[in-house]
Amino acid sequence: MGLFSIFKKGKVDESAVENDDADAARLAANSELERQRAQQSDLQREIARATAMKIDAIEAAMAADIFNEPEPAWARKPRPLQPATAAANDGATLPLLDQYTTELLGDEDMPLEAAAAESAPIVEEIAILYSNGQAEVAEQMLLGSLPDSAQDRTVWWMLFDLYQVLGRQESFENVSIDYASQYETSPPSWISPASADSKTPEVMRGYSGVTPTLGLAGVLNASLAPQLERLDSMDQKQPLRLDFSRVNGVDPDGCALLLAALKKVQASDRDLIVVGAAELAEQVRDILTIGNRDGGEAPWLLYLELLRLLNQEKEFEEASMDYCVTFEVSPPPFVAPKKVANAPRQATAAASDRFMLPAVIEGDISKLLTAIDAYASENQVVVFDCGRLARMEFGAASALQNKVAELAAANHRIEFRDLNHLVAALMRLLGYADIARLFPHKY
């Protein structure tokens, strides 16, 4: 019995050891799980602490006004609109609304709202990065900010302008699909402005200076001839701005006159800025019928020319085949436009010639400032054409702001027209909105 008792006791001890090992394993697993949970909790607390510190830093920076500039326009409460008076204005800043701008601008052409308060910090940061040539970083930040911009569309508009400046039409169209889906509205159209590449030769970056403007209005018909004759008296060395914003109809005679004028301008090899070409093309298309030759070839050829100026090759090829079928001729070839910039239609045309800013403003801008002084000496209303302005370097933008402040103090009224939203954001950050009226283009 004693022998068997010994073996039985051995078996009991072995089982107990196995149970002890299982308990130890479970205890170790539970300890590891608790350790991981503790680490995760510590990480979450660290993230929360870092987020709080970042928010505190942003608020402190905004309170301390680290840029030593006036408070951004979007951070202020709207001020009541009041007519201009010498006593109220005192020559220091521009009133938000005065008699001149009331007559010049329609309601739909008033400056767009600035960025909403919740997106202002990210908009400011992106504007600074882009101004200093960090377009790729700006793109990533814009893409990362889109989900948070359900109400404020500034980030979307900045991204659209970035892709246009960089010539990335495919990226632009991809984002347009998301934009149309989110806001249930038509996406913006691709209109490629000047390149912001500072390495591009100066001649390719565009002219800066006074831009003669010819604005056409009403129905384009035979009465258009005297207006177009003004083109001959304009300096052929300066760029020409053709504004079709106020055109509300066309007929074959007007199409023939305008077509001849466009050909003549381009033959002179001068820079051409076309405003509202897309809308005019639609009006011309409305009077075209495949197979109908009653209006002659001029409307068809003008339609093709407008599509060419807009650099819409696909639409040009389709329309050229319809022209070919109608007149039984060979279709004209597509030739990409040169020295042509496009701007969307504006609700109200400018009342005077504008001062065109170059595609890039950076470095020493003393010559540009001297030219602005000469323009301002002959114009009480200083209108800057920003249709080609793709980028302003931060330091140069500050120097230009000083000049604008000087002009405002001398009772000049100042407007920046056709701004892209990247530049507009930088200008608001620097306080331009306190001394000038900013008109970003509309999407």
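Because only heavy atoms are used, hydrogens play no part in the values below, and waters and symmetry mates are left out as well, while side chains stay in. As the structure is a computational prediction, the values presented were derived from the model and not from experiment.
- With sequence neighbours excluded, the residues satisfying side chain to side chain contact (heavy atoms under 4.5 Å, CB included) with Asp178 are Trp156.
- For the atom pair CD (Glu124) and CG (Leu129), the distance works out to 12.0 Å, reported to the nearest 0.5 Å.
- Expressed to the nearest 0.5 Å, how far SG of Cys324 lies from CD1 of Ile290 amounts to 11.5 Å.
- Taking 4.5 Å as the limit, some side-chain heavy atom of Phe316 sits within range of a side-chain heavy atom of Leu304.
- Between the side chain of Asn311 and the backbone N or O of Pro337 there is no donor-acceptor pair closer than 3.5 Å.
- Between Leu368 and Pro358, some side-chain heavy-atom pair lies under the 4.5 Å cut-off.
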Between Arg417 and Asp385, does a side chain to side chain contact (heavy atoms under 4.5 Å, CB included) hold up when you go through it step by step? CA-CA 5 Å; Arg417 292 271 185 155; Asp385 182 347; 5.7 Å; no
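- Two residues are said to be in side-chain contact when any heavy atoms from C-beta on lie closer than 4.5 Å; Tyr323 and Glu297 meet this criterion.
- The shortest non-hydrogen separation linking Met392 to Ala397 is CE-CB, 4.0 Å.
- Side chain of His412 to backbone of Gln380: a donor-acceptor contact under 3.5 angstrom is found.
- Closest of all the heavy-atom pairs between Leu162 and Ala135 is CD2-O, 3.9 Å.
- Side chains of Asp373 and Leu407 form a contact here, defined as non-hydrogen atoms less than 4.5 Å apart.
- Using a 30° and 60° split on the angle between ring planes, His421 and His441 fall in the perpendicular class, above 60°.
- Nearest heavy-atom pair across Pro299 and Leu288 is CB-CD2, 3.6 Å.
- The salt bridge (charged side-chain N to carboxylate O under 4.0 Å, His left out) check on Glu406 picks up Lys403, with sequence neighbours excluded.
- Gln283 and Asn248 make their closest contact through OE1-C, 3.1 Å (heavy atoms, listed as atom of the first residue, atom of the second, distance).
- Going from atom CZ of Arg388 over to atom CG of Asn342 covers 10.5 Å, rounded to the nearest 0.5 Å.
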Step-by-step side chain to side chain contact (heavy atoms under 4.5 Å, CB included) determination, Val274 to Leu310: CA-CA 9 Å; Val274 185; Leu310 290 165; over 6 Å; no
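- Note: Leu369 CG to Asn402 CG = 9.0 Å, rounded to the nearest 0.5 Å.
- In this structure a side-chain-to-backbone donor-acceptor pair under 3.5 Å is missing from Ser181 to Ile177.
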Would you please test Asp251 and Ile287 for side chain to side chain contact (heavy atoms under 4.5 Å, CB included) and show each step? CA-CA 8 Å; Asp251 73 6; Ile287 68 171; 5.9 Å; no
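- The side-chain heavy atoms of Glu415 and Phe439, taken from C-beta on, include a pair separated by under 4.5 Å.
- In terms of modelled atom types and a separation under 3.5 Å, the side chain of Glu393 and the main chain of Gly395 share a donor-acceptor contact.
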Given Phe384 and Leu419, is the side chain to side chain contact (heavy atoms under 4.5 Å, CB included) satisfied, shown in steps? CA-CA 9 Å; Phe384 291 105; Leu419 284 163; over 6 Å; no
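- Tyr303 pairs by the ring-ring contact (aromatic ring centres under 6.0 Å, His included) definition with nothing, not counting sequence neighbours.
- Taking Phe160 as the reference, Phe172, Tyr179, Tyr443 meet the ring-ring contact (aromatic ring centres under 6.0 Å, His included) condition, with sequence neighbours excluded.
- Classified by interplanar angle (parallel below 30°, tilted 30° to 60°, perpendicular above 60°), the ring pair Phe416/Tyr432 is perpendicular.
- Remark: the backbone N or O of Leu389 is paired with a side-chain donor or acceptor of Asn420 at under 3.5 angstrom.
- At distances below 3.5 Å, at least one donor-acceptor pair connects side-chain atoms of Asn221 with backbone N or O atoms of Ser223.
- The two residues Asn379 and Tyr375 come nearest to each other via the heavy atoms ND2-O, 2.9 Å.
- Residues Val250 and Asp286 fail the side-chain proximity criterion, which asks for heavy atoms closer than 4.5 Å.
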Considering only distance and modelled atom types, tabulate donor-acceptor pairs under 3.5 Å from the side chains of residues 252-267, sequence neighbours left out.
| residue | atom | partner | partner atom | Å |
| --- | --- | --- | --- | --- |
| Lys263 | NZ | Glu305 | OE1 | 3.3 |
| Lys264 | NZ | Asp232 | OD1 | 2.8 |
| Gln266 | OE1 | Arg308 | NH2 | 2.6 |
| Gln266 | NE2 | Leu262 | O | 3.2 |
| Gln266 | NE2 | Glu305 | OE2 | 2.7 |

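- Just one of Val123, Ile126, Val175 meets the side chain to side chain contact (heavy atoms under 4.5 Å, CB included) condition when paired with Leu142; it is Ile126.
- For the pair Asp418 and Arg354, the salt-bridge criterion is met [side-chain N within less than 4.0 Å of a carboxylate O].
- To the nearest 0.5 Å, atom OG of residue Ser189 and atom CD of residue Glu173 are 10.0 Å apart.
- Here Ile435 contributes atom CD1 and Met427 contributes atom CE; the two are 8.5 Å apart, rounded to the nearest 0.5 Å.
- Taking both residues in full, the closest heavy atoms of Ile372 and Leu400 are given as CD1-CD1, 3.7 Å, listed atom of the first, atom of the second, then distance.
- At a threshold of 4.0 Å, the pair Asp322-Arg285 does not count as salt-bridged, since none of the basic side-chain nitrogens sits closer than that to a carboxylate oxygen.
- Identified under the salt bridge (Lys or Arg N to Asp or Glu O under 4.0 Å) test for residues 129-147, with sequence neighbours left out: Glu139-Arg168.
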